[in-house]
Amino acid sequence: MSYNLSRYDFAAIEEKWRTRWLTAKTWKVEAEPGRKKYYVLEMFPYPSGRIHMGHVRNYTIGDVVARYRRMKGDNVIHPMGWDAFGLPAENAAIKNDTHPAKWTFENIDYMRGQLQRLGLSYDWDRELATCKADYYRWEQLFFLKMYAKGLAYRKKTTVNWCEPCQTVLANEQVINGACWRCDTLVTPREMQGWFLKITDYAEELLAGCDKLSGWPEKVLTMQRNWIGKSLGAEIEFPVEGRSDRLTIFTTRPDTIFGATFMSLAPEHPLVAQLSRGTEQETAVAEFVKRTAARRRLKTGEEPEKEGVFTGGYCLNPFTGARLPIYAANFVLMEYGTGAVMAVPAHDQRDFEFAGLYRLPVIPVIQPEGMELTAETMTQAHEGPGILINSGDFSGLGWEEAKVAITRQAEEQGFGRARTTYRLRDWGISRQRYWGTPIPIIHCEKCGIQPVPETDLPVELPTDVKIDKSGKSPLHTLENFIRTTCPACGGPARRETDTFDTFMESSWYFARYACPDFHNGPLRRDQVDYWLPVDQYIGGVEHAILHLLYSRFFTRVLRDLGYLGVDEPFTNLLTQGMVIKDGSKMSKSKGNVVDPSDLIARFGADTVRLFSLFAAPPERDLEWNDQGVEGAFRFLSRIQRFVGDNLELLSRADDHLPAGLGEADRVLHRKTHQTIRKVSRDLEGDFHFNTAISAVMELTNILFALTGPESKETPQPPLVRRAVEAILTLLFPMVPHLAAELWEATGHDRDLDAMPWPEYDPEAAKDDEITVVIQVKGKVRGRLQVAPGTAEDELRQLALADDKVKGFIGGAPVRKVIVVPDKLVNIVI
RNA sequence: GCCCGGAUGGCGGAACUGGUAGACGCAAGGGACUUAAAAUCCCUCGGCCGUAAGGCUGUGCGAGUUCGAUUCUCGCUCCGGGCACCA
């Protein structure tokens, strides 16, 4: 023995097993058609330098699942890699005068070591880094395929610009008006950029939510809200003095008779056209200029409503009423048609706007038991009611009126039912260097030309110097930019934007199935075997961003024939944050706990155990140094027990002795009850905290029964079985110590190769249980009876109890409720 | 404002499907061992009354259903998260 079993020498134990496992490639897997697979995946990290407690928690949870499923006999794939493109590398490059690639790869090497120290059971042969050309080249291929299908396109729009990051952000990446990464308020900017048509999949992404029964309801709600489906109608209003019509979208066609004006987004093309040459022209131009600057600025604050008359009118196709057309700052160009029919009586925004500009209010929906009049209304009535003032439709309920009015608009050719989504197309251009180059060539003669597939990858040049301006060096790197047009062969320029790094994380889970495949992005037989991910684990902060993009990508790749599933992740576990002193660990708060320090002091097993024990995974975990010591104490206790009883444990007979004493039975029963409890906890909700509690209880009983105070000591085979249960049940959580003690107690097969223990329902049965006696719902006594004792007998026993009699005090017993094996409640 | 969660001892958290509230751990207090400390072991540990036996009370607040509610229903309060002029 190379170490001393008389104390818990975690450093030696962990090093021994880490080396053994890594050398033997214990966790390497291959597809085995016909054998049940299980794919456990944790969200891969950005190689920022060091792992933090959030990673430790995330990856430990995943590792327990992986090890548990292996013991259950599944063919488990458990890969790890690096989300290696991103802005921090460029910032670090500036700060440390290094290159993003160097910085990134050094971080990867360091962090890989940290993960290995935690004893995480990854198949390292599948490791990938998204910044390598053999990964991102396939992403460029996907982009070209999407471009060919019209799923990728370029347009000029107002985008969210983040000044410190010197780049554009997608809508999903703007949180309360600020950049998701650096928290600076974004500013609007007109720019050309590439977009992916995620909106083409809006309906499918929404419908798919209903089938994701393995996802937290909270995440699904967020996704549904983000997609934001609205059913309504599109209606065309003739514009006075013009041949074209003004098309609006409304979810309330039932209120059309109450429309008193129109509101247009300031950028709506009609705004400028209508005002041209009228006395409103200057006022409108001034208004548009002023509001445009604040457009799409999602600052969180709701600006005051404001508008201006355009000088034009249109006609209500139902009533012929002449409606003034306004430009209004609260109408969004990118939602619906950028134009709204204003019904002040039944829309709060229109009501406020009408008040501001003294526009008429016409109630057309009468709520039950109340009469609305324009004069008395103090706010819009947005609820249900019966139609009034609505011509032939008066008298209809609002819901049927929606249908009837839409139908009539359709029949008469000026409207139709329409569904609108809040979801916008995904802007994927980033004005950054450290990312995947967008494989596009701009030719003055031929316009936009995709890079031919045979020319892929477009490699990110590495011979660049990152300067302090924060601007991407690609934009000025002539030997990268200068190229020839694939269509005409003439001189042309490369696209200098790179992909949003969420592109890389949208399909990495599929690439793990075949990380070394060179003939294409995905090897179909491998992908078909391993996908979808059975259990995905990560932080809830990706509830929309990464998870929505991945669901989108999966469908696109399916439609391109690269894979055969609709949804990437069958089950999702969103783990809570690790907090300390009540708030998230952060450098600025000075409450950061470094995992490596802890591993050095207590060992990886202790760190793993505590992060599993302190809270159920979906909840926030309050870090507590003394709690870590408690976890360490528990492991030391187990190690000490095995060390002290090594001889007894090693030579104990494998067979149950014929005659079991009281102590034998107690230990035997508890052993099987513990196996049952832990199995259920790992199988169901991943409530590792209660699983660990159960093993602690078993350990406590083991100590109590074998300690000096104990009247009767269990026989060695039973002690051995209890210890075996403790080690196997704990193995997924504290693998090094469990494997070590397993080996030390004379097992020749490694614990890795052992199956998960089965419990014997007979052995787990209690031979005596406590039945509570209540009088009027209050506990007044207890009965010790055999399980399954008949109701009658329980009733007799309860009524005969002296103490209970005292509480009844001769009063007539009105009713006796007996719940077998639980309680007897006497009602007087 | 709207939509989701959540609230249990000094702390983290348990409690099956409505049936003994507080498992397990941490902290605290007392004790044993020790020259001493560490480590370890034992005891106590929601609150109030009581020497004790025991009693009363208690799961954010207020009602309700029930023989019985941490659990179900309704109405609040506070905390956390998401969305926020989406027509």
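Basis for what follows: all heavy atoms, side chains included, without hydrogens, waters or symmetry-related copies.
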Would one find a side-chain N or O of [X] under 4.0 angstrom from OP1 or OP2 of [N]?
X: Arg619(A); N: G5(B); answer: no
X: Thr690(A); N: C24(B); answer: no
X: Lys218(A); N: G5(B); answer: no
X: Arg633(A); N: A38(B); answer: no
X: Arg640(A); N: A39(B); answer: no
X: Arg780(A); N: C56(B); answer: yes
X: Asn689(A); N: C24(B); answer: no
X: Lys822(A); N: C16(B); answer: no
X: Asn700(A); N: G25(B); answer: yes

Scan [X] against the nucleic acid and name what it touches under 4.0 Å (heavy atoms): base, sugar-phosphate only, or nothing.
X: Ser230(A); answer: sugar-phosphate
X: Val827(A); answer: sugar-phosphate
X: Gly336(A); answer: nothing
X: Asp620(A); answer: sugar-phosphate

Which nucleotide in the list [options] gets nearest to the side chain of [X]?
X: Val772(A); options: G19(B), A23(B), U20(B); result: U20(B)
X: Ile544(A); options: A27(B), C83(B), G19(B); result: C83(B)
X: Phe613(A); options: C85(B), G12(B), C86(B); result: G12(B)
X: Val779(A); options: U20(B), G12(B), A23(B); result: U20(B)
X: Trp226(A); options: A84(B), A87(B), C67(B); result: A84(B)
X: Ala614(A); options: C67(B), A87(B), G12(B); result: G12(B)
X: Thr221(A); options: G12(B), C3(B), A23(B); result: C3(B)
X: Phe807(A); options: G55(B), C67(B), G12(B); result: G55(B)
X: Asn329(A); options: C24(B), C67(B), C85(B); result: C85(B)
X: Ile817(A); options: G19(B), A23(B), U20(B); result: G19(B)

Next on the checklist: With a 6.0 Å cut-off (strictly less than), is the heavy-atom count around NZ of Lys776(A), excluding the residue itself, greater than 12?
Outcome noted: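 12 or below, so no.
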
Checklist entry - Would one find more than 12 heavy atoms of other residues, nucleotides or ligands at under 6.0 Å from atom CZ of Arg224(A)? => result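 It does: Arg224(A) CZ has more than 12 such atoms within range.
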
Whom does [N] pair with, Watson-Crick or G-U wobble, provided both distances fall under 3.5 Å?
N: G25(B); answer: C11(B)
N: C41(B); answer: G31(B)
N: G80(B); answer: C4(B)
N: G64(B); answer: C72(B)
N: C16(B); answer: none

What integer distance in Å separates [X]:[atom1] from [N]:[atom2]?
X: Phe634(A); N: A39(B); atom1: CZ; atom2: C1'; value: 18 Å
X: Lys803(A); N: G54(B); atom1: NZ; atom2: C1'; value: 8 Å
X: Glu629(A); N: A38(B); atom1: CD; atom2: P; value: 13 Å
X: Asn225(A); N: A84(B); atom1: CG; atom2: P; value: 10 Å
X: Glu618(A); N: G81(B); atom1: CD; atom2: C1'; value: 15 Å
X: Gln223(A); N: C83(B); atom1: CD; atom2: P; value: 12 Å
X: Leu609(A); N: C26(B); atom1: CG; atom2: C1'; value: 13 Å
X: Met222(A); N: A84(B); atom1: CE; atom2: C1'; value: 14 Å

Next on the checklist: Checking understanding here: a glycosidic angle within 90° of 0 is syn, the rest anti, so what is G9(B)?
Outcome noted: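 You should classify G9(B) as syn.
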
May I have the list of side-chain donor-acceptor pairs in residues 680-687 of chain A shorter than 3.5 Å, sequence neighbours left out?
residue   : atom : partner   : partner atom : Å
Asp681(A) : OD1  : Lys677(A) : NZ           : 3.4
Asp681(A) : OD2  : Lys677(A) : NZ           : 3.3
Asp681(A) : OD2  : Thr690(A) : OG1          : 2.8
Asp681(A) : OD2  : Ala691(A) : N            : 3.1
Glu683(A) : OE1  : Tyr68(A)  : OH           : 2.5
Glu683(A) : OE2  : Arg69(A)  : NH1          : 3.2
His687(A) : NE2  : Glu618(A) : OE2          : 3.3

Item to check | Positive for ring pair (Phe, Tyr, Trp, His ring centres under 6.0 Å) with Trp426(A), one of Tyr549(A), Trp226(A), Phe195(A) | outcome: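 So the option named by the test is Tyr549(A).
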
Next on the checklist: Looking only at side-chain N and O atoms, does Gln223(A) offer a donor or acceptor that is under 3.5 Å from a partner on Arg551(A)?
Outcome noted: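 The answer is yes; a qualifying pair exists.
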
Checklist entry - Just wondering, do Val734(A) and Phe10(A) contact through their side chains at under 4.5 Å, heavy atoms? => result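 Result no, sub-4.5 Å side-chain heavy-atom pair not found.
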
Next on the checklist: For the residue pair Lys305(A) and Phe330(A), would you count it as a cation-pi contact if the rule is NZ or CZ under 6.0 angstrom from the ring centre and within 45 degrees of the ring axis?
Outcome noted: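 Because its charged atom sits under 6.0 Å from the ring centre and within 45° of the axis, Lys305(A) does stack over Phe330(A).
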
Next on the checklist: Using a distance-only criterion (donor-acceptor N/O pair, under 3.5 Å, no hydrogens), is the base of C3(B) paired with the side chain of Arg224(A)?
Outcome noted: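 Answer no: no donor N or O sits under 3.5 Å from an acceptor.
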
Checklist entry - So, do Phe318(A) and Phe237(A) have ring centers that fall under 6.0 Å from each other? => result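 Between Phe318(A) and Phe237(A), the centre distance exceeds or equals 6.0 Å.
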
